[in-house]
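Each remark here refers to the structure printed beneath this line.
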Amino acid sequence: GEQNMGDPQTLVDFVSWGVKEFPAQHYALILWDHGSSWAGVSFDDTDGEQGINLPELDTALRTIQSQAGIDKLDLIGFDACLMSQLDVMQTIAPYGRVAVASAELEPNDGWAWDAWLGQLNQDPAQDPAKLAGAIVDSYQQYYEQGNDDTVTLAAFDLEKIGALHDSFAAFSDAMRKNLGDPYQAIAEARSGADAYSQPKPEEFSAIDLGDFTRLIGRQGAQGEVAAAAEALGKQIADARL
């Protein structure tokens with residue numbers, strides 16, 4: 001029957017049922033629906049546009065972990081808009097090994113499911129990182145003929161998100177403590193950084209963190225702010241598969 005996909009209990013019920021009915025050595029959980037960054041995912045058009053916010057997603061994944069007896073899901077993916085955000089990754093990091101998500105709005109067709117599932121069928125023993133790479137590569141190949149430079153998809157090692165968050169916190173602290181001299185560089189970097197959710201970037205205030213850290217150095221920031229920005233940029237690159 002009709003299910004409310006924006007109800008976190010529906011997610012819990014589905015995964016618990018799936019693990020019981022189809023036990024496996026590896027599990028991937030992919031949420032395919034509307035996404036809104038920090039506001040959540042799976043907004044159900046037929047149930048008052050209710051969605052699963054990040055605290056609810058955290059609770060649902062913790063319940064799944066307990067009920068299904070899974071230490072960590074091998075892969076957590078979002079075939080949804082705007083979900084490749086640091087706060088989203090922090091939410092799911094305790095429950096998965098690898099994540100795949102888009103920082104930008106996704107085209108209506110979503111992922112190239114036929115292509116990457118075909119590769120998985122040919123090599124079912126592949127590790128989560130290789131599967132994540134296949135998802136990203138097939139997505140890029142599917143849309144490369146469309147000349148759309150807003151198409152994004154990335155895979156991250158969730159076990160490195162904690163270190164990434166610590167580096168982000170150090171960068172934030174450095175900017176607050178030293179806002180005087182580098183203020184102009186910070187402001188210009190923020191204004192020039194790639195923004196997501198066009199044509200209404202102010203709706204989510206989502207910018208590319210890696211681009212921001214690069215631009216701060218180029219705009220002339222020095223000292224502790226520049227060092228923290230460089231360290232954060234390296235941490236992002238290290239976490240990205």
Query raised in the report: Do you know which two heavy atoms are closest between Val98 and Pro128, and how far apart they sit?
Result: CG2-CB, 3.8 Å
Query raised in the report: Distance from Asp208 atom CG to Thr152 atom OG1, nearest 0.5 Å?
Result: 9.0 Å
Requested in this report: Please confirm whether the backbone N or O of Asp71 pairs with a side-chain atom of Gln65, one donor and one acceptor, at under 3.5 Å?
Outcome: yes
Requested in this report: Check whether Ile92 and Val19 end up in the same hydrophobic cluster, where Ile, Leu, Val, Met, Phe, Trp and Tyr are linked by side-chain heavy atoms less than 4.5 Å apart.
Outcome: yes
Query raised in the report: Applying side-chain hydrogen bond (donor to acceptor under 3.5 Å, both in side chains), which residue pairs with at least one partner in residues 117-126 are found, sequence neighbours left out?
Result: Asp123-Lys130
Query raised in the report: To the nearest 0.5 Å, what is the distance between CG (Leu153) and CZ (Phe78)?
Result: 12.0 Å
Query - Heavy-atom side-chain proximity of Gln50 to Asp7 below 4.5 angstrom - result: yes
Report task. For residues Glu106 and Trp111, determine if any side-chain heavy atom of one lies less than 4.5 Å from a side-chain heavy atom of the other. Result -> yes
Query raised in the report: Given Ile216 and Phe171, is the side chain to side chain contact (heavy atoms under 4.5 Å, CB included) satisfied, shown in steps?
Result: CA-CA 11 Å; Ile216 280 185; Phe171 172 56; 3.3 Å; yes
Requested in this report: Indicate yes or no: at least one non-hydrogen side-chain atom of Glu104 is less than 4.5 angstrom from one of Leu82.
Outcome: yes
Query - Minimal non-hydrogen separation, Gly6 against Asp44, with atom names - result: N-CB, 3.9 Å
Which atom pairs, one a donor and one an acceptor, fall under 3.5 Å between side chains of residues 219-239 and the rest of the protein, sequence neighbours left out?
| unit_1 | atom_1 | unit_2 | atom_2 | d |
| --- | --- | --- | --- | --- |
| Glu224 | OE1 | Asn178 | ND2 | 3.2 |
| Asp238 | OD1 | Lys160 | NZ | 3.3 |
| Asp238 | OD2 | Lys160 | NZ | 3.4 |

Query raised in the report: Hey, does Tyr142 have a side-chain heavy atom less than 4.5 Å from the side chain of Asp109?
Result: yes
Query raised in the report: Are more than 12 heavy atoms from other residues, nucleotides or ligands located less than 6.0 Å from atom CD of Gln25?
Result: no
Report task. To the nearest 0.5 angstrom, please state how far the CG atom of Leu131 sits from the CG atom of Asp74. Result -> 9.0 Å
Query - In one Ile/Leu/Val/Met/Phe/Trp/Tyr side-chain cluster, 4.5 Å: Trp38, Leu164 - result: no
Report task. Evaluate the side-chain proximity of Asp47 to Glu2: yes if any heavy-atom separation is below 4.5 Å, no if none is. Result -> yes
Report task. Examine Phe156 and Trp116 and state if one hydrophobic cluster contains both, with Ile, Leu, Val, Met, Phe, Trp and Tyr joined whenever side-chain heavy atoms are less than 4.5 Å apart. Result -> no
Query raised in the report: Are the side chain of Ser138 and the backbone of Ile135 linked by a donor-acceptor contact shorter than 3.5 Å?
Result: yes
Query raised in the report: When rounded to the nearest 0.5 angstrom, what distance separates CG in Leu86 from NE2 in His165?
Result: 6.5 Å
Query - Close side-chain approach of Arg97 to Leu73, heavy-atom, < 4.5 Å - result: no
Query raised in the report: Mind checking whether Trp113 and Trp32 have parallel, tilted or perpendicular rings, split at 30° and 60°?
Result: parallel
**Report entry** Co-membership, hydrophobic cluster, residues Val136 and Leu117, 4.5 Å side-chain
**Finding:** yes
Query - Atom pair OG/OH of Ser37 and Tyr196 - distance to nearest 0.5 Å - result: 11.5 Å
Requested in this report: Output, in order, the C-alpha distance, side-chain angles, deciding distance and verdict of side chain to side chain contact (heavy atoms under 4.5 Å, CB included) for Asp13 and Gln3.
Outcome: CA-CA 11 Å; Asp13 293 344; Gln3 299 290 322; over 6 Å; no
**Report entry** Pairwise side-chain contact, Ile52 with Phe43, heavy-atom cut-off 4.5 Å (strictly under)
**Finding:** no
Report task. Could you tell me whether the side chain of Tyr139 and the main chain of Ala134 form a donor-acceptor pair under 3.5 Å? Result -> no
**Report entry** Greater than 12 external heavy atoms within 6.0 Å of Gln9's CD
**Finding:** yes
Requested in this report: Check for a donor-acceptor pair, side chain of Ser172 on one end and backbone N or O of Phe168 on the other, with a separation under 3.5 Å.
Outcome: no
Query raised in the report: Going through the distances and angles, do Ile186 and Leu179 end up as a side chain to side chain contact (heavy atoms under 4.5 Å, CB included)?
Result: CA-CA 8 Å; Ile186 293 171; Leu179 198 55; 3.9 Å; yes
Using residues 54-62 as the side-chain source, report each donor-acceptor pair under 3.5 Å to any protein atom, sequence neighbours left out, with the distance given to one decimal.
| unit_1 | atom_1 | unit_2 | atom_2 | d |
| --- | --- | --- | --- | --- |
| Glu56 | OE1 | Asn53 | N | 3.1 |
| Asp58 | OD1 | Tyr95 | OH | 2.7 |
| Asp58 | OD2 | Arg62 | NH2 | 2.4 |
| Thr59 | OG1 | Pro55 | O | 3.1 |

**Report entry** Ala99 versus Met89, closest heavy-atom pair with distance
**Finding:** CB-SD, 3.7 Å
Query raised in the report: Hey, any chance Leu120 and Val100 share a hydrophobic cluster, counting ILVMFWY side chains that come within less than 4.5 Å of each other, even indirectly?
Result: yes
Report summary line: Scanning both residues in full, the closest heavy-atom pair of Val41 with Ala80 reads CG2-CB, 4.0 Å
Query - Check: Ser191 side chain, Glu188 main-chain N or O, donor-acceptor pair, under 3.5 Å - result: no
Query raised in the report: Side chains of Met5 and His34: does their closest heavy-atom pair fall under 4.5 Å?
Result: no
Query raised in the report: How long is the gap from CZ on Arg190 to CD1 on Ile207, to the nearest 0.5 Å?
Result: 4.5 Å
Query raised in the report: If you look at every heavy atom in Gln67 and Ser16, which pair is closest and at what distance?
Result: OE1-OG, 3.2 Å
